[in-house]
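Chain naming here is simple, since letters A, B, ... match the order of the sequence lines and numbering starts at 1 in each. For the numbers below, each heavy atom of this structure counts, side chains included, while hydrogens, waters and symmetry mates do not. Here the structure is a predicted model, which means the values were calculated and not measured.
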There are 2 protein chains.
Amino acid sequence: MMHTTVHDGGSTLSERSARHPVAMRRTSTGAFETIGVPMEFARNEEIYCEGDPVEYLYKVASGTVRTCKVLADGRRQIGAFHLAGDIFGFDVGAEHGSFAEAVTNCTILVVKRSALTELAARDGAVARELWVMANREVARVQDHMPLLVKSAQERVAGFLLELAARQPGGDTVELPMSRQDIADYLGLTIETVSRTLTALEQEAAIALPNSRRIVLRNRPALREMNA
Amino acid sequence: MMHTTVHDGGSTLSERSARHPVAMRRTSTGAFETIGVPMEFARNEEIYCEGDPVEYLYKVASGTVRTCKVLADGRRQIGAFHLAGDIFGFDVGAEHGSFAEAVTNCTILVVKRSALTELAARDGAVARELWVMANREVARVQDHMPLLVKSAQERVAGFLLELAARQPGGDTVELPMSRQDIADYLGLTIETVSRTLTALEQEAAIALPNSRRIVLRNRPALREMNA
DNA sequence: CGGCGGCTTGATCGGTCTCAAGTACGGTGG
DNA sequence: CCACCGTACTTGAGACCGATCAAGCCGCCG
C-alpha cells in the first residue's frame, strides 16, 4: 500500500555499549543524569529493536531519535520523534513493541529501569519524577493521535508548529528527519508531504530555503489550517 | 468535513459527587480500591471535561467510558474506550486536554492524584503500581496509533479483535458504543464503518445478529486484514 | 399508528495514493 | 575542476478509496 523504508535488524545493546562507551557527564540534576550512562549512536543506528527485552529507559542528550512500529505489510509508523531532553523507551511488558533508531548522530543517556524503580521505592522525589515522565509521554501520544485523522495540509501544518514549539530558533525550523520520516509520522506518503510543503510555500505560509530548513512565515495561517 | 456529534459542557465533579454518592466497596486489593470513592454516571454523562483542573484518577468498576478531544472544526476524536478495570484520566499539566464521558451507565472509582502520589512517596509498592499503570496506558495509546493509518477494513477488523481480546465472551462481542463512537475512534465516518461491517459479514468474517452484537466467525481472516 | 434516533444503503465528488519522470544536491574519482 | 553517480526530493497524470449528500430502513416509545 504505502511505500516505506525497510529496516534490517540491529545489534544488541550490550554489544553497542562496549563499542561506544562515552565519558560520563553529570551536569544536570535528575535521576537520569545521576545514574544514566551516556552512549553514542550513529545516524540510522538501532538503539533497541522490537522484541528486545525491556530493560532500559533512555534520555536524549543530543540529536534526534525516532520510535517506530512496522506493520505486517511492511509499512512503517513512526510514533514519535524524540529531541534533546526527551525520554523514551516506555514500552510496557517483557518485550519492546516498537523499535528506536537514531535519526541523526546522537548521544543518549541509558539507565536500567530496575535501577530507577528501586531508587523510586526509596526516594519519593524520584517516584514523582517517574510519574511525571510517564504522564508526559501519555500526553505526547494523545496529542499525536488527532494529527492522524486530519487532511494532509492540517497534518503538515500541525507537524511544523509542533516542531517549532519544541526547537529553539523562533520561526526557522531545522528538520532533522527525511521526508520519508515525516510521511511515516503523519500517516501520509512522501509525495503528499512534498506537495503539501510546496503548496504551503506558494500560499506564503512558509519558506523553504532548502529541503531541510523551513521558515514559518505566517503562523496564524498555519494554526488556522491546523484546525 | 467529518460529521460528528457535538457535546455540551458538563457539570463539575464536586456537584456530581454530591449527586451520586455510592456505597464504598473494597473488594479488590490495589491502592485504587483502598482509597477510591465509587461514583455512578449515566449514559453520555460527562465525567470530566476539557480544561478541568487535573486532580483525580479514575478506574472503571463497571460500564464503558470514552476519552475524547474536540478539534477546532467540531470533529471529535476518541482517544480510547475504557472498559471495566481500566484506569483513565492521565492528562498531564494543570488542565485536562481531553474530556471523558460515560458510554454506558457506569460506576467509576475516583481518587485524588495527590493522595496517590503521597501514598507512593511513602510506599514503594504503590509507586511501582502507579508506574505500571502509567506504562500500560502508554502502551495502549501507542497501540491505537497504527490503527489510524490503515485502510477502513483494516481499522474495523483491528478494532473488533481489540475489543474481543478485552471482553470475556469468546467470539461474541457486545458493542457498548454507537457507530458514531466507533467512527470517531477509528477516524472514519459512520457510513464507512457501517459499510465495512456489512462487507465483513458478506465475506463471512463476522455475523451481525443485531447492530450492537458481533460474532467473529473467522478470526484468521480478520487478523490477516488487520495487517 | 406516527415519530424519532440509530443504522444501512446508494450515487457522486474529491483528496490522497500510486506509478512514473524529472530535478537538485553531495560525494567520489578522474 | 569537472564528469559521474546515488540519494533525496519534487512534480505530473491517473486510479481508487472514503467522504459527502441523500434516501430508505429498522427498532423503540409515546
Side-chain angles (χ1 to χ4, degrees), chain A residues 1-7 43-44 71 73-77 103-104 147-157 159 174-202 206-214 225 227, chain B residues 1-7 43-44 71 73-77 103-104 147-159 174-203 206-214 225 227:
Chain A
M1 168 172 277
M2 194 185 296
H3 171 52
T4 55
T5 323
V6 174
H7 301 266
R43 184 166 166 271
N44 288 327
L71 286 66
D73 58 0
R75 281 176 298 164
R76 179 182 70 159
Q77 169 65 22
V103 172
T104 63
L147 220 55
L148 295 177
V149 299
K150 305 194 212 177
S151 74
Q153 206 178 49
E154 291 171 318
R155 297 188 213 197
V156 172
F159 171 71
E174 297 289 336
L175 300 179
M177 72 291 286
S178 70
R179 295 287 186 273
Q180 185 65 61
D181 283 337
I182 299 174
D184 290 348
Y185 180 66
L186 297 177
L188 298 170
T189 57
I190 184 176
E191 295 96 329
T192 299
V193 170
S194 187
R195 271 186 254 273
T196 304
L197 287 173
T198 306
L200 290 178
E201 187 177 31
Q202 284 167 352
I206 63 171
L208 292 136
N210 64 61
S211 67
R212 292 296 184 104
R213 170 172 297 158
I214 292 179
M225 60 186 73
Chain B
M1 170 170 275
M2 194 185 296
H3 171 52
T4 57
T5 323
V6 175
H7 301 268
R43 185 164 165 271
N44 288 327
L71 287 65
D73 58 0
R75 278 176 300 164
R76 180 182 69 161
Q77 169 64 22
V103 172
T104 63
L147 220 54
L148 295 177
V149 299
K150 307 194 212 172
S151 74
Q153 204 176 53
E154 289 170 320
R155 297 188 213 196
V156 172
F159 171 72
E174 297 290 336
L175 300 179
M177 71 291 286
S178 69
R179 294 288 186 274
Q180 185 64 63
D181 283 335
I182 299 174
D184 290 348
Y185 181 66
L186 297 177
L188 298 169
T189 58
I190 183 176
E191 294 96 331
T192 300
V193 171
S194 187
R195 269 186 254 274
T196 305
L197 287 173
T198 306
L200 290 178
E201 187 178 30
Q202 284 168 353
E203 295 170 25
I206 63 171
L208 290 134
N210 64 60
S211 67
R212 292 295 184 104
R213 170 171 297 157
I214 293 179
M225 59 186 74

Atom pairs under 3.5 Å: protein N/O with N/O of nucleotides 6-10 of chain C:
residue: dC7(C); atom: OP1; partner: Arg212(B); partner atom: NE; Å: 3.0
residue: dC7(C); atom: OP1; partner: Arg212(B); partner atom: NH2; Å: 3.4
residue: dC7(C); atom: OP2; partner: Arg179(B); partner atom: N; Å: 3.2
residue: dT8(C); atom: OP1; partner: Arg179(B); partner atom: NH2; Å: 3.1
residue: dT8(C); atom: OP2; partner: Arg179(B); partner atom: NE; Å: 2.7
residue: dT8(C); atom: OP2; partner: Ser194(B); partner atom: OG; Å: 2.7
residue: dT8(C); atom: O5'; partner: Ser194(B); partner atom: OG; Å: 2.9
residue: dT9(C); atom: OP2; partner: Thr198(B); partner atom: OG1; Å: 2.6
residue: dG10(C); atom: N7; partner: Arg195(B); partner atom: NH1; Å: 2.8
residue: dG10(C); atom: O6; partner: Arg195(B); partner atom: NH2; Å: 3.1

Between atom [atom1] in [X] and atom [atom2] in [N], what is the gap in whole Å?
| X | N | atom1 | atom2 | value |
| --- | --- | --- | --- | --- |
| Leu200(A) | dT11(D) | CG | P | 13 Å |
| Leu186(A) | dC17(C) | CG | C1' | 15 Å |
| Leu175(A) | dA8(D) | CG | P | 15 Å |
| Asp184(B) | dA19(D) | CG | C1' | 14 Å |
| Asp181(A) | dT7(D) | CG | P | 16 Å |
| Glu154(A) | dA19(D) | CD | P | 14 Å |
| Lys150(B) | dC17(D) | NZ | C1' | 17 Å |
| Glu201(A) | dT10(D) | CD | P | 9 Å |

*Supply the atom-to-atom distance Thr104(B) OG1 to Leu175(B) CG, rounded to the nearest 0.5 angstrom.*
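So the gap between those two atoms works out to 12.5 Å.
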*Enter the distance from Leu186(A):CG to Glu154(A):CD here, rounded to the nearest 0.5 Å.*
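Between Leu186(A) CG and Glu154(A) CD, I get 12.0 Å after rounding to 0.5 Å.
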*Residues two or more places apart in sequence or in another chain: which of them pass ring-ring contact (aromatic ring centres under 6.0 Å, His included) with Tyr185(A)?*
Phe81(A), His144(A), Phe159(A)
*asked:* To check you understand the geometry: which heavy-atom pair defines the closest contact between Leu71(B) and Gln77(B), and what is its length?
replied: CD1-CB, 4.0 Å
*Kindly give the heavy-atom pair with the smallest separation between Arg155(B) and Lys150(B), and that separation in Å.*
NE-O, 2.7 Å
_If the condition is side-chain hydrogen bond (donor to acceptor under 3.5 Å, both in side chains), which residues does Arg213(A) pass it with, not counting sequence neighbours?_
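Applying side-chain hydrogen bond (donor to acceptor under 3.5 Å, both in side chains) to Arg213(A) gives Glu174(A).
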*Reading 5' to 3' through nucleotides 25-30 of chain D, protein heavy-atom contacts under 4.0 Å coded B for base, S for sugar-phosphate only, - for none*: ------
Please tabulate, for side-chain N and O atoms in residues 191-201 of chain A, each donor-acceptor pair with protein atoms closer than 3.5 Å (sequence neighbours left out).
residue: Thr192(A); atom: OG1; partner: Thr189(A); partner atom: OG1; Å: 3.0
residue: Thr196(A); atom: OG1; partner: Thr192(A); partner atom: O; Å: 2.6
residue: Thr198(A); atom: OG1; partner: Ser194(A); partner atom: O; Å: 3.0
residue: Glu201(A); atom: OE2; partner: Leu208(A); partner atom: N; Å: 3.4

*Do Arg179(B) side-chain atoms and Ile190(B) backbone N/O form a donor-acceptor pair below 3.5 Å?*
no
*asked:* I'd like to know if the side chain of Arg75(B) and the backbone of Val149(A) have a donor-acceptor N/O pair within less than 3.5 Å.
replied: yes
